[in-house]
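Reading through the structure tokens given below for one structure.
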Amino acid sequence: MDQQQRSSSGYSHSPRSPSSQPYLSVSVTDPVKLGNGVQSYISYRVITKTNLPDYQGPEKIVIRRYSDFVWLHDRLFEKYKGVFIPPLPEKSAVEKFRFSAEFIEMRRQALDVFVNRIASHQELQQSEDLKTFLQAEEETMERLRSHESSYFKKKPADLLQIFKDVQSRVSDVVLGKEKPVEESNPDYEKLKHYIFELENHLAEAQKHAYRLVKRHRELGQSLSDFGKAAKLLGACESNGLGKALTELGAKSEALSIRLQKEAHQLLMNFEEPLKDYVRAVQSIKETIAERANAFRQQCELAETMKLKEINLDKLMLTRSDRVGEAEIEYRELKADSEEAARRFESIVRLMSEEIVRFQDQKTIDMGRAFHEFAKGQARLANSIADAWRSLLPKLEACSV
Amino acid sequence: MMGSENEAESQLFASREEMENLVLDEPSDNPNGNGGSKSFSDYRSVMSSLADTHHPLSPLLTPADSDPLLAPQPYRDLRNPSLSHDNNSYIEPPAYADVIFSPFDENTGSEINGIDSPGRSSDSSLSLSRSPSSSSDYIKITVSNPQKEQETSNSLVPGASTYVTYLITTRTNIPEFNGSEFGVRRRFKDVVTLSDRLAEAYRGFFIPPRPDKSVVESQVMQKQEFVEQRRVALEKYLRRLAAHPILWNSDELKVFLQVQGKLPLATSTDVASRMLDGAVNLPKQLFGEGSTVAPQDVVQPAKGGRDLLRLFKELKQSVSNDWGGSRPPVVEEDKEFLEKKEKMNEFELQLSNASQQAESLVKAQQDMGETMGELGLAFIKLTKFETEEAMFESQRVRAGDMKNVATAAVKASRFYRELNAQTVKHLDTLHEYLGLMLSVHGAFADRSSALLTVQTLLSELSSLHTRAEKLEAASSKIFGGDKSRIRRIEELKETIRATEDAKSVAVREYERIKENNRTELERMEAEKHADFSNMLKGFVLNQVGYAEKIANVWAKVAEETSGYATDSA
């Protein structure tokens, strides 16, 4: 898998390394379809090999389903603001029913990549939730999973904050402050613009990559049909011509199979990495939104604190008996404000590290995808050339 | 479906512009130098001609052929030693990519040596082999310059109607024609006349079918497009006629090609007057006068109008053939012919299927090329974007990798489209032969109707004989009626004699047609073998050549990105 990723993390991933070296290796395997009809789902075996003290080593196997991965993703997103959480494969309500072998394999691969990226990320690998995910019994997971549906994910404090957010946004609009408070950081602006543009470009490239897969399949199908027709035509003819047509037909059918194979390779090794890239960019957008939230919170709290300070001074001047109360409030608010500022700064710091890591990683990922793509196309073209070339002496033999 | 194709077309044209403006900094291995703009403009013309017609296999118009890369028929040159480059090229492995696709003066070469045998010219997609009597004879027919002309007032309705005439130019060195280059103006009606006269005169031959009248299309299509479509069809038709080893020498064709002014071939009389004639003749025929078929009429199938009675008789005969208990007097007994006919039907069926699948294959190759091109474009845009907005070195590296892939994809896309243009030409043979099947059916129909005429006459003879016998036998019974009876016997004997004559003519005609069928079948077998072999060879060579080119392009990129390879690969 991602050798580079592994060496950059704290852990090595080879179980063969000396036992003193800490390692954590995860794989997602063996998809099995369970349940009936509408309620059917796929379960995966998640195998963890590790020598870390916190884990039940050296090997632990658990059964997980897609929504468990979603749980993990959401928990990490909550906790590690500023980090680009590895993206999950799409939910896909429709394909779920069909569950083609290809879909299952693609999802399994994507989930494997997902968990491994978490396990090799410096910050994320420390997560308690990761440990839970990799080790907890199925019943525990089920309990946790059902508690965390989207609406009730937020704790009461968060709910209040949402309410406040809405309130302040409304008052902003009412007071004429249409624009929400935003950072005025030119580099960051550039980054945001870059990310949004990038998503568009990538989506288009991915769309064409997907179409290219389809074209391979279509060409394969038409070669198969053409081959059959040529064989039938060859059966009408006598002597050399008939044989030539039959041979041509057979070759055509053989190439059809080759094309279908290549279409599959193209899907797994080129189109999927592109799609993954798109997802990663979308994940970054979510982090950008989080940063904006944190910034706004920081600003609002700072403003509220200032107001409170002014009020406190006023009260102190008038020697009001509410000074004590106000002082306490003020101190609480100051703490909150400082906390918000810290949170925001942490996000900023993490993001700048993450963006470097992201760019490096993507260059490697895409480099690999390009290599596989080019290799596959060259391989395919060579098979085609070889197959047709082998026919030439036979055609010579039967010509006038 | 057409609509969406056109939409995709216009989008594609926009991106073609973009593609042409991009600088592909690698030296192109395309011998055309800057493979960029030239091939794209050719692509555009190929695409537009492919998009305009609903049949992907219909002939490509000339703009595409002017590019040497699109025109070559390598197999053709290999058959002519004086023009071939490397006779052994298709035996040595990687050579095709370079050899076959280097430009050579396709058009001039074939004309200079006069090896352009009748009907085979570089401008048409007609790739069938035809061998004239002597290999240095040629007839080259061109149809051009459509012009609107006014109908001189023959019509009862005021307001002249217009029609289109085409300039038919012939270049030839065959002595049977007067002169080496000449032209006439003809309208479509003249072509119909030519075709009808040929059908009458050359029964049993595989006569190329003439272009359709396309009444609906002439109303629905744009005038200019329709006229152009018709011009192309006419040219193809006339060239086919000139390529036929018997028909090229026909008086009908010679007159058509050479005589200035009004076409001096008898037009088929209009239906109304024929019906009138028929209405006049019928009572005569029914009441005994001229109830026989005149021998000279026997050589043609019964037509409506004039030959009503004959039609009835032959119809009656064919019904009794099919449903009657007794065997008709003469049947198609040539077993070999029946077998061949059966085989022909089977061949036609499979040919039709193969032609359809060939269409699908062409479409799939086309789509592949298109999508590959679009992918390349998308990556080029991405590359530009990453390069402009790069904040990290890793982005620049990625942009570089992406550019290599994009360039390769664009190149591969171009190759796919070139491959396809060639494939269309090669597989067109299938379509051509389907058209030929019509001629075959026509020739077989001539045979059947001639046989039917013979059978009818034989039946008639037999019933006439029976009547005569009855009359003879009745002689001794009636007193005083002898004179009229003897007269009637005499008349009957007259009729029998005339019918015998007609029968002999009919039999001769039938035999003649049978012989024509036979020779034509032989000719077709030989030509089919040659044409199909060429088609297969051309198709396969083409596939090999372009697959090699495409492989090279991608191998380079795989090499350039080999640093990213994983161990597991």
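Letters go in sequence order (proteins before strands), and every chain restarts at 1.
- Here the side chain of A:E204 pairs no donor or acceptor atom with the backbone of B:A378 at under 3.5 angstrom.
- Comparing A:A205, A:G376, A:S222 by how many heavy-atom pairs each has under 4.5 Å with chain B, the most go to A:S222.
- When each of B:D401, B:L361, B:V557 is scored by its heavy-atom pairs under 4.5 Å with chain A, the top score falls to B:L361.
- Between A:I384 and B:Y546 the shortest side-chain heavy-atom distance does not fall below 4.5 Å.
- Interface remark: of the candidates A:L380, A:N382, A:L198, A:L198 forms the most heavy-atom pairs closer than 4.5 Å to chain B.
- Looking at A:E237, the atoms closer than 4.5 Å to chain B (heavy atoms on both sides) all sit in the side chain, from C-beta outward.
- In terms of the side chain to side chain contact (heavy atoms under 4.5 Å, CB included) criterion, residue partners of B:S394 (sequence neighbours excluded) are, by chain and number, A:Q359, A:D360, A:T363, B:F392.
- For the residue pair B:E418 / B:Q422, no side-chain donor-acceptor distance below 3.5 Å is found, with atom types taken as modelled.
- With hydrogens and angles ignored, the 3.5 Å screen pairs no side-chain donor or acceptor of B:S413 with any backbone N or O of B:E370.
- For residues 209-221 of chain A, a heavy-atom distance under 4.5 Å to chain B picks out A:A209, A:R211, A:L212, A:R215, A:H216, A:E218, A:L219, given by residue number.
- Of the two parts of A:D187, neither the backbone nor the side chain holds a non-hydrogen atom closer than 4.5 Å to a non-hydrogen atom of chain B.
- Heavy atoms of A:L248 lying under 4.5 Å from chain B belong exclusively to its side chain.
- Side-chain atoms of B:N420 come within 3.5 Å of backbone N or O of B:V362 as a donor-acceptor pair.
- In this view, A:S238 satisfies the side-chain hydrogen bond (donor to acceptor under 3.5 Å, both in side chains) rule with no residue, not counting sequence neighbours.
- Heavy-atom proximity under 4.5 angstrom to chain B picks out A:L274, A:Y277 from residues 274-281 of chain A.
- Here B:D367 is the residue among B:L349, B:V397, B:D367 with the most heavy-atom pairs under 4.5 Å with chain A.
- In this structure, the portions of A:L245 lying under 4.5 Å from any heavy atom of chain B include both its backbone and its side chain.
- Proximity of a side-chain donor or acceptor of B:S355 to a complementary backbone N or O of B:L351 within less than 3.5 Å is not detected.
- Proximity of A:I288 to A:M351: side-chain heavy atoms (C-beta onward) are separated by under 4.5 Å at one or more points.
- Annotation: cation-pi geometry not satisfied between A:K49 and A:Y23 (NZ/CZ under 6.0 angstrom from ring centroid, within 45° of ring axis).
- Ring pair B:Y433/B:F532 is perpendicular by interplanar angle, where above 60° counts as perpendicular and below 30° as parallel.
- Annotation: A:K243, atom NZ; neighbour count of heavy atoms from other residues, nucleotides and ligands within 6.0 Å does not exceed 12.
- Side-chain contact of A:T287 with A:R291: a donor-acceptor pair under 3.5 Å is absent, judged by distance alone.
- The candidate with the highest count of non-hydrogen atom pairs below 4.5 Å against chain B, out of A:D386, A:N200, A:N239, is A:N239.
- In terms of heavy-atom pairs under 4.5 Å with chain B, the best-connected choice from A:L191, A:L391, A:V356 is A:V356.
- In this structure, chain A has no heavy atom under 4.5 Å from any part of B:A408.
- Residues B:T407 and B:K403 bring no donor and acceptor atom of their side chains to less than 3.5 Å of each other.
- The backbone N or O of B:E559 lies less than 3.5 Å from a partner atom in the side chain of B:S562, making a donor-acceptor pair.
- A donor-acceptor contact shorter than 3.5 Å links the side chain of A:N116 to the backbone of A:V26.
- Contact annotation for B:M391: only side-chain heavy atoms (C-beta onward) come within less than 4.5 Å of a heavy atom of chain A.
- Among the candidates A:G234, A:A387, A:C236, A:A244, the residue making the largest number of heavy-atom pairs closer than 4.5 Å to chain B is A:C236.
- B:V405 touches chain A through its side chain: at least one heavy atom from C-beta onward sits under 4.5 Å away, while N, CA, C and O do not.
- Heavy atoms of A:K207 lying under 4.5 Å from chain B are absent altogether.
- Within the 4.5 angstrom heavy-atom criterion, only side-chain atoms of B:F379, from C-beta onward, approach chain A.
- Side-chain contact between B:F385 and B:E389: present, with at least one pair of heavy atoms (C-beta onward) separated by less than 4.5 Å.
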